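One structure below.
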Amino acid sequence: MALMTRASSSDLSRRGSEVFHAADQGPVEITRRDGETLILTRKSERDDQFTVLTMAADLIAASLGPDEVPFVDRLADRFPWMGFLTPAGRDMFANEIVHSARACASIKDFTPFLAEIVAWRETAASRAAGYTTDSQLDWLDEPTPVPHPTD
């Protein structure tokens with residue numbers, strides 16, 4: 001997470017391009033004499049914040065489900081793509097995502113949390129597309145010639 005820069009509302013009017021450049025690097029706190037302080041940030045940052053809030057709401061909802069349903073199953077209701085993960089992968093995702101959310105909250109930066117969610121979702125998508133891990137393949141000791149497909 002980038003450190004927040006501070007600028008006054010008069011800085012924004014007089015040196016707007018500098019303030020906008022600073023906002024490209026991280027949030028800028030705009031102070032005003034007669035109003036509440038504003039935060040200038042990129043739209044993508046704001047979108048990421050809403051994504052994190054939505055996922056946090058899903059984690060909370062899953063954690064508050066009925067005790068007789070395992071957490072991983074309640075989580076799969078919120079993240080349907082988990083159905084493409086192996087059972088061990090689903091368990092690993094459930095553990096890692098909770099730890100990641102807590103760790104990110106402690107440093108006030110959810111970038112690693114979002115990256116982890118995306119990585120798990122991409123893993124699920126690759127399994128859905130038929131990707132097989134190397135450990136699940138039978139490797140030949142010697143090359144075996146195959147006929148050309150047009151023959």
Side-chain angles (χ1 to χ4, degrees), residues 1-7 12 17-31 35-151:
M1 178 177 175
L3 292 175
M4 189 172 309
T5 304
R6 286 198 171 128
L12 183 58
S17 62
E18 291 176 31
V19 175
F20 288 138
H21 177 71
D24 279 334
Q25 309 309 308
V28 177
E29 186 177 291
I30 308 293
T31 57
E36 188 175 351
T37 298
L38 303 173
I39 303 293
L40 178 63
T41 189
R42 292 185 315 269
K43 182 181 180 310
S44 61
E45 265 187 59
R46 187 169 185 271
D47 292 346
D48 286 350
Q49 290 172 351
F50 278 109
T51 300
V52 166
L53 288 172
T54 300
M55 290 181 185
D58 286 338
L59 286 173
I60 291 167
S63 70
L64 296 175
D67 289 337
E68 62 274 4
V69 178
F71 176 67
V72 69
D73 294 339
R74 289 180 268 148
L75 200 56
D77 285 342
R78 301 295 175 161
F79 300 97
W81 48 261
M82 285 176 62
F84 293 110
L85 298 173
T86 64
R90 287 191 290 273
D91 289 339
M92 195 180 313
F93 168 75
N95 287 326
E96 287 182 10
I97 209 60
V98 169
H99 292 296
S100 177
R102 287 180 178 157
C104 289
S106 73
I107 62 169
K108 298 179 182 172
D109 181 5
F110 285 90
T111 304
F113 175 78
L114 287 175
E116 191 161 358
I117 290 274
V118 168
W120 276 105
R121 188 177 59 221
E122 288 175 355
T123 297
S126 67
R127 288 186 49 80
Y131 174 77
T132 305
T133 62
D134 287 350
S135 64
Q136 295 173 316
L137 297 174
D138 292 326
W139 292 92
L140 302 175
D141 293 327
E142 296 293 321
T144 304
V146 294
H148 193 277
T150 58
D151 291 344

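These numbers were taken from a predicted model, which means no experiment stands behind them.
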Quick one: [atom1] on [X] to [atom2] on [Y], what's the gap to the nearest 0.5 Å?
X    : Y    : atom1 : atom2 : answer
W139 : D134 : CH2   : CG    : 5.0 Å
E29  : T41  : CD    : OG1   : 12.5 Å
E68  : D73  : CD    : CG    : 11.5 Å

Greater than 12 external heavy atoms within 6.0 Å of [X]'s [atom1]:
X    : atom1 : answer
D151 : CG    : yes
F50  : CZ    : no
F71  : CZ    : yes

Do the side chains of [Y] and [X] get nearer than 4.5 Å, heavy atoms only?
X    : Y   : result
F20  : L40 : yes
T123 : F93 : no
M92  : L85 : no
I117 : M55 : yes
L75  : L59 : yes

Has S100 got a side-chain atom pairing as donor or acceptor with I97's backbone, closer than 3.5 angstrom?
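No, S100 side chain to I97 backbone: no donor-acceptor pair under 3.5 Å.
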R42 to G26 - nearest heavy-atom pair and separation
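That closest heavy-atom pairing would be NH1-N, 4.3 Å.
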